[in-house]
Student: 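Following this message is one structure expressed as structure tokens.
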Amino acid sequence: MVFIVMGVSGCGKTTVGQLLAKEINIPFYDADDFHPKDNVEKMQNGLPLNDDDRKPWLTLLAKNISDWNKSGGAVLACSALKKSYRYLLKTGSDSPELSKQVRFIYLKGSKELIYKRLLNRSHHYMPPDLLESQFRDLEEPHDALYVQIDQEPQKIVHDIIDHLEESKSNPHSQLE
């Protein structure tokens with residue numbers, strides 16, 4: 001199983017993803033590490049990425065997701081803002097069964113909270129001014145575990161793990 005911790009920049013994808021991966025003992029990957037140099041430079045210059053910029057990045061991630069699934073699973077921190085991006089991540093490999101092995105965890109929070117976090121964050125190439133473009137592109141998922149981010153990361157992870165255990169017996173439950 002590959003868990004994709006998703007949401008806009010600053011919602012806590014990396015922090016929660018790393019903690020979750022450690023807790024369930026599978027590797028963690030950050031989708032930002034797979035962006036081509038041109039994408040990073042574009043964001044550093046305050047320009048939002050478009051679908052054409054993201055397509056090769058998402059295709060590479062989809063291939064990796066397939067590989068990670070075959071090797072025992074992983075946690076991936078990835079914005080996955082649009083439904084079409086999530087679809088590609090789930091089905092973009094050569095394995096039609098992959099979509100059943102990918103689970104999205106959506107970290108949801110207010111613009112105000114996330115913007116405040118971005119202002120306090122250093123050493124990241126995406127400036128806080130691009131947050132509005134991310135919220136504009138965001139298509140909230142209908143097939144994800146929703147988690148509110150206004151709590152400590154360790155609490156979020158424990159809630160996610162509790163929910164994953166519960167969902168084994170009730171696959172339609174949601175964490176809100």
Side-chain angles (χ1 to χ4, degrees), residues 1-21 23-40 42-43 48-109 126 130 133-147 149 156-157 159-161 163-176:
M1 176 76 63
V2 175
F3 299 96
I4 300 177
V5 181
M6 62 159 290
V8 298
S9 186
C11 70
K13 296 181 297 287
T14 300
T15 300
V16 170
Q18 288 173 332
L19 290 169
L20 178 61
E23 193 75 29
I24 60 178
N25 199 30
I26 57 177
F28 169 79
Y29 300 95
D30 192 321
D32 286 347
D33 295 338
F34 296 87
H35 269 297
K37 184 180 178 187
D38 290 346
N39 284 7
V40 173
K42 190 171 182 177
M43 287 183 282
L49 299 179
N50 60 40
D51 289 350
D52 291 334
D53 297 324
R54 289 185 178 105
K55 178 112 180 166
W57 172 67
L58 291 166
T59 301
L60 173 62
L61 289 173
K63 186 209 176 302
N64 287 332
I65 288 168
S66 179
D67 293 344
W68 298 331
N69 186 55
K70 291 173 188 170
S71 65
V75 174
L76 174 68
C78 180
S79 54
L81 298 175
K82 292 185 178 182
K83 182 179 181 179
S84 62
Y85 303 167
R86 293 187 296 274
Y87 180 80
L88 180 58
L89 291 173
K90 285 177 80 167
T91 63
S93 74
D94 55 2
S95 171
E97 290 299 307
L98 180 64
S99 66
K100 297 176 185 171
Q101 298 300 317
V102 175
R103 181 88 190 260
F104 287 95
I105 300 168
Y106 173 43
L107 301 183
K108 183 175 174 140
M126 195 187 115
L130 288 183
S133 72
Q134 289 216 326
F135 271 104
R136 191 173 43 250
D137 287 348
L138 176 64
E139 297 170 358
E140 290 192 352
H142 299 290
D143 59 346
L145 171 62
Y146 277 57
V147 182
I149 62 166
I156 292 171
V157 170
D159 288 349
I160 290 168
I161 291 170
H163 177 78
L164 293 173
E165 290 297 319
E166 177 186 320
S167 69
K168 287 179 184 175
S169 60
N170 180 7
H172 300 293
S173 63
Q174 283 291 318
L175 179 64
E176 296 227 43

Student: Report all side-chain donor-acceptor pairs from residues 24-31 shorter than 3.5 Å, counting only partners two or more places apart or in another chain.
Tutor:
| from | atom 1 | to | atom 2 | distance (Å) |
| --- | --- | --- | --- | --- |
| Asp30 | OD1 | Asp32 | N | 2.9 |
| Asp30 | OD2 | Thr14 | OG1 | 2.7 |

Student: Leu20 versus Ile105: any side-chain heavy-atom pair under 4.5 Å?
Tutor: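 Touching, per the 4.5 Å side-chain cut-off.
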Student: Take atom CZ in Phe135; do more than 12 heavy atoms of anything else shown fall under 6.0 Å from it?
Tutor: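 Yes, enclosed.
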Student: Contact between Leu76 and Trp68 at the side-chain level, heavy atoms closer than 4.5 Å - yes or no?
Tutor: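 Of all side-chain heavy-atom pairs linking Trp68 with Leu76, at least one is under 4.5 Å.
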Student: List in chain and number order the residues that pass salt bridge (Lys or Arg N to Asp or Glu O under 4.0 Å) with Asp38, two or more places apart in sequence or in another chain; answer none if no residue qualifies.
Tutor: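 By the salt bridge (Lys or Arg N to Asp or Glu O under 4.0 Å) rule, Asp38 matches no residue at all.
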Student: Check ring pair (Phe, Tyr, Trp, His ring centres under 6.0 Å) between Tyr106 and all other residues, then give those that pass, not counting sequence neighbours.
Tutor: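 Testing Tyr106 for ring pair (Phe, Tyr, Trp, His ring centres under 6.0 Å), a comparison that skips the adjacent residues, returns Tyr146.
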Student: Would you check if Ile65 and Ile4 make a side-chain contact, meaning some heavy-atom pair closer than 4.5 Å?
Tutor: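 Counting from C-beta outward, Ile65 and Ile4 do come under 4.5 Å.
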Student: Mind checking salt bridge (Lys or Arg N to Asp or Glu O under 4.0 Å) for Glu23 and listing every partner two or more places apart, or none if nothing turns up?
Tutor: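 Partners of Glu23 by the salt bridge (Lys or Arg N to Asp or Glu O under 4.0 Å) criterion come out as none, since no residue qualifies.
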Student: Would you compute the distance between atom CG of Leu138 and atom OG of Ser133 and round it to the nearest 0.5 angstrom?
Tutor: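 Here the interatomic distance stands at 11.0 Å.
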Student: Can you name the side-chain hydrogen bond (donor to acceptor under 3.5 Å, both in side chains) partners of Lys82, sequence neighbours left out?
Tutor: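 Asp51.
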Student: For residues Asp53 and Met43, determine if any side-chain heavy atom of one lies less than 4.5 Å from a side-chain heavy atom of the other.
Tutor: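 The answer is no; the side chains never approach within 4.5 Å.
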Student: Just so I know, are the side chains of Thr15 and Ile156 near enough to count as touching, which here means a heavy-atom distance under 4.5 Å?
Tutor: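 Answer no - side chains too far apart.
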Student: Nearest 0.5 Å, please: how far is CG in Leu61 from NE2 in His35?
Tutor: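 Going from the NE2 atom of His35 to the CG atom of Leu61 covers 8.0 Å.
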Student: Report the residues that fulfil side-chain contact (heavy atoms from CB on, under 4.5 Å) with Pro36, sequence neighbours left out, ordered by chain and then residue number.
Tutor: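 Testing Pro36 for side-chain contact (heavy atoms from CB on, under 4.5 Å), a comparison that skips the adjacent residues, returns Asn39, Trp57.
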Student: Could you check if a side-chain atom of Tyr85 sits within less than 4.5 angstrom of a side-chain atom of Glu139, using non-hydrogen atoms only?
Tutor: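 Side-chain contact under 4.5 Å: no.
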Student: Backbone N or O of Ser9 within a donor-acceptor pair of the Gln134 side chain at under 3.5 Å?
Tutor: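 Yes: the side chain of Gln134 pairs with the backbone of Ser9.
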Student: Backbone N or O of Gly7 within a donor-acceptor pair of the Lys13 side chain at under 3.5 Å?
Tutor: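 Pair found, side chain donor or acceptor close to backbone of Gly7.
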